[in-house]
Amino acid sequence: MPVARPESSDSRVIAHVDMDCFYVQVEQRKQPSLRGQPAAVVQYNSWQGGGLIAVSYEARKFGVKRSMRGDEAKEVCPEIHLVQVPVARGKADLNSYRNAGSEVVAILSRRGRCERASIDEVYLDLTIAAEAMLADNPPECLETISEEAVKSHVLGLEVVGTDPRENVRHWLTRSDASHRDKLLACGALIVAELRLQVLEETEFTCSAGIAHNKMLAKLASGMNKPAQQTLVPFSSISKLLETLPIKKMKQLGGKLGTSLQIDLGVNTVGDLLQFSEEKLQEYYGINTG
DNA sequence: CATGGCTTGAAT
DNA sequence: ATTCAAGC
């Protein structure tokens, strides 16, 4: 029984939404004086200041990283505000973050099916909504495109003029686009709206990727952070994968990815595509292969 | 002891 | 059912 089947439709519109340093944002909303400050959320602060589990972008500029101890963070960034995660029965209690995530899900699920992928990540299937928009209000007929949507990053779109937003506006609204690209453009408009609603109603920022499947959407959401969105046109996919380190792919970040590199010399998805399914199954068995 | 603890999904 | 890998 094959494990990974091709998707039944290759023109779905999928978005992956990822909250920016989410635990920090939750604490900043609770304590607004922390906004705009270098800050981090820490668990168990008794041993070397505790372990960082979320770091604000202001703190990242100083080189503060997740999995540093609180004491190390203070060394590189003496001004940093360390917030302790709540503790219940001796354990870190993430429930307030889980609940904050639910607020976001409630908003994101307004335009399509919504799948919670983790405490701070969500996949959206916007296919139906995008098709509907394309049918009765295609982007090329819109006189105004939202300011947020026009700030989208479009993979493979060359920057020519001075204002990249003009490139995006043109890409989103060009009438000679393929059907798939038009669907993605609609998806990007919808996601821009949703992200704005999330900000207005929860005060949280997030980043998003818009693509034809979950893998690419997830990949894209991490490319431009924080508070930005990235679109993956069909035509950009092959070039993207050719040079993509396999370690960046979900499922291949661990031992299997390491084995691919060391045992088979596979470093990029492009390399991996040189191998036939049969060859991979010889090495890894019928299922893993 | 020193990222910890937890969840999810796949393999067996 | 149990174990293991992966990622948050």
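In what follows, chains carry the letters A, B, and so on, assigned in the order in which the sequence lines appear, proteins first and then strands, with residues in each chain numbered from 1. No hydrogens, no waters, no symmetry mates; every other heavy atom, side chains included, goes into these values.
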Positions of residues 59-69 of chain A (non-hydrogen atom under 4.0 Å from DNA chain B), listed by number: A:Ser67, A:Arg69
Closest listed nucleotide, where the reference is the side chain of A:Asp120 and the choices are B:dG5, C:dC8, B:dA11: C:dC8
Residue A:Asn287, side-chain atoms from C-beta onward, closest of B:dA11, C:dA6, C:dC8: B:dA11
Cationic N near anionic O, under 4.0 Å, A:Glu147 to A:Arg165: yes
A:Asp93 CG to B:dG5 C1', straight-line distance once rounded to whole Å: 13 Å
Nearest-0.5 Å distance, CZ of residue A:Arg12 to CG of residue A:Leu126: 11.5 Å
A:Cys206 vs A:Val104 side-chain heavy atoms within contact, under 4.5 Å: no
Single-linkage hydrophobic cluster, 4.5 Å side-chain cutoff, A:Tyr123 and A:Leu219 together: no
Whole-Å gap separating P (C:dA6) and CE (A:Met249): 13 Å
Centroid under 5.5 Å and tilt under 30°, A:Tyr44 to B:dG4: no
Nearest-angstrom distance from the residue atom CG of A:Leu94 to P of B:dC6: 9 Å
Side chain of A:Trp47 (C-beta onward), nearest among B:dG5, B:dA2, C:dC8: B:dA2
Nearest-angstrom distance from the residue atom NZ of A:Lys247 to P of C:dG7: 9 Å
A:Glu140 vs A:Arg174 side-chain heavy atoms within contact, under 4.5 Å: no
Atom-pair distance (NZ on A:Lys225; P on C:dC8), nearest Å: 11 Å
Of the listed nucleotides C:dA6, B:dG4, B:dA11, the one nearest the side chain of A:Gln43: B:dG4
Check: A:Phe204 ring centroid to A:Phe22 ring centroid under 6.0 Å: yes
Ion pair check, A:Glu148 and A:Lys151, cut-off under 4.0 Å: yes
Value in whole Å for how far the P atom of C:dG7 lies from NZ of A:Lys255: 13 Å
Rounded distance in Å between the P positions of C:dC8 and B:dA2: 23 Å
For atom OH of A:Tyr123 and atom P of C:dG7, their distance in whole Å: 11 Å
Spacing between A:Arg98 atom CZ and B:dG5 atom P, to the nearest angstrom: 15 Å
Touch class at under 4.0 angstrom, heavy-atom based, for A:Ile53 against every strand present: nothing
